[in-house]
Each structure stands twice: as structure tokens, then as C-alpha cells.
Amino acid sequence: QVQLVESGGGLVQAGGSLRLSCAASGRTFSNYHMGWFRQAPGKEREFVATINWSGNTYYADFVKGRFTISRDNTKNTVYLQMNSLKPEDTAVYYCAADPRGATVRRTGWSYWGQGTQVTVSS
């Protein structure tokens, strides 16, 4: 079992920045691929970014150049640095983990956090 706890969400104006954190516990963090997804009201949960166990990253087109995913295996934490935020980035952001691989499909992840709300005002 892996437990994931997100933090760092909040209210920010358009053009601002936030850094989300996801603290993991329970198993060897470095063996897990990590991802961020988001879900806006009335919409399906969608892929944002992934980072595999070796540090390779992949992003959804709509966040490329604005968001950066990173991990610190010494702190068992994955981060999502979000810059140039837009009102359409408003959503609950979820952290995900899986030992098998990093995928854009939400069904491919075994473990999920509870989510953290990000609200971007115009």
C-alpha cells in the first residue's frame, strides 16, 4: 500500500504560480512512477503530467511550458510547479502512484491521493 497526501492548492490570480506537493508513505517511493491528474467540475479526471522512477517526464499539451513535475526521493515527495496559471486550470489536482509504469490513462494508476483544490481567478 502507498498513501498519498497532496498539499499546496489554493486561490491564485491568473498569471500567478502555485507549487503542489504530494507526500508518499508506505513503500519504497523511488520504485514508483508518479503522476498528476486534475478534475474540473462536471468534467472527467484528466492527465496533467507524469514522472517515472528514473526522472523522465511527460506532459499534457495544455501544460507544456507552464507546469513542471519533479520528485525528491529523499523526501518521498513529488511536486508540480504551476506557472502562468489560467482560469481554465481551476480543478481538483490529484497525485497518483504506480509501480508498473507511467501512463496518461487514469485507470492505469493503483494509488490516488485525496486531491487539492486549485482555483484561478480572472
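- Each salt bridge (charged side-chain N to carboxylate O under 4.0 Å, His left out) pair with one or both residues in residues 105-122, not counting sequence neighbours, appears once here: E44-R106.
- In terms of the side chain to side chain donor-acceptor pair (under 3.5 Å) criterion, residue partners of R66 (sequence neighbours excluded) are, by chain and number, D89.
- A 4.5 Å side-chain heavy-atom check between N31 and P99 finds every atom pair outside the cut-off.
- The backbone N or O of Q114 sits less than 3.5 Å from a side-chain atom of E6, completing a donor-acceptor pair.
- Annotation: the span from C22 atom SG to Y111 atom OH amounts to 13.5 Å, rounded to 0.5 Å.
- For the atom pair L20 CG and T77 OG1, the distance stands at 12.5 Å (nearest 0.5 Å).
- Considering only heavy atoms from C-beta on, H33 stays 4.5 Å or farther from T50 through its side chain.
- Every residue was checked against the side chain to side chain donor-acceptor pair (under 3.5 Å) condition with S7, not counting sequence neighbours, and none meets it.
- Side-chain atoms of F67 and L85, non-hydrogen and from C-beta on, do get closer than 4.5 Å to each other.
- Both I51 and V2 sit in one connected hydrophobic cluster of ILVMFWY residues. Membership requires side-chain heavy atoms under 4.5 Å apart, directly or through other members.
- Of all non-hydrogen atoms in N76 and F29, the two that sit nearest each other are OD1-CB, 3.3 Å.
- The backbone N or O of I69 lies less than 3.5 Å from a partner atom in the side chain of Y59, making a donor-acceptor pair.
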Q | Chi angles and distances behind the side chain to side chain contact (heavy atoms under 4.5 Å, CB included) call for T28, W53 | A | CA-CA 11 Å; T28 305; W53 63 269; over 6 Å; no

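- Taken from OG in S122 to CD in Q13, the straight-line distance is 9.5 Å, to the nearest 0.5 Å.
- R100 pairs by the side chain to side chain donor-acceptor pair (under 3.5 Å) definition with D98, S110, not counting sequence neighbours.
- Without hydrogens or angle criteria, W112 side chain to L4 main chain gives no donor-acceptor distance under 3.5 Å.
- Geometrically, R45 does not engage F37 in a cation-pi contact, judged by NZ or CZ lying under 6.0 Å from the ring centre and within 45° of the ring axis.
- Within a 6.0 Å sphere centred on NZ of K64, heavy atoms belonging to other residues, nucleotides or ligands number more than 12.
- In terms of the side chain to side chain donor-acceptor pair (under 3.5 Å) criterion, residue partners of Y93 (sequence neighbours excluded) are, by chain and number, R38.
- The number of heavy atoms from other shown groups lying within 6.0 Å of OH (Y58) does not exceed 12.
- Taking CG of N52 as the start and OG1 of T103 as the end, the distance is 12.5 Å to the nearest 0.5 Å.
- Between L80 and A49, the shortest heavy-atom distance links the atoms CD1-CB, 4.4 Å.
- At least one side-chain heavy atom of Y32 sits under 4.5 Å from a side-chain heavy atom of M34.
- Residues in residues 67-80 take part in no salt bridge (charged side-chain N to carboxylate O under 4.0 Å, His left out) pair, two or more places apart or across chains.
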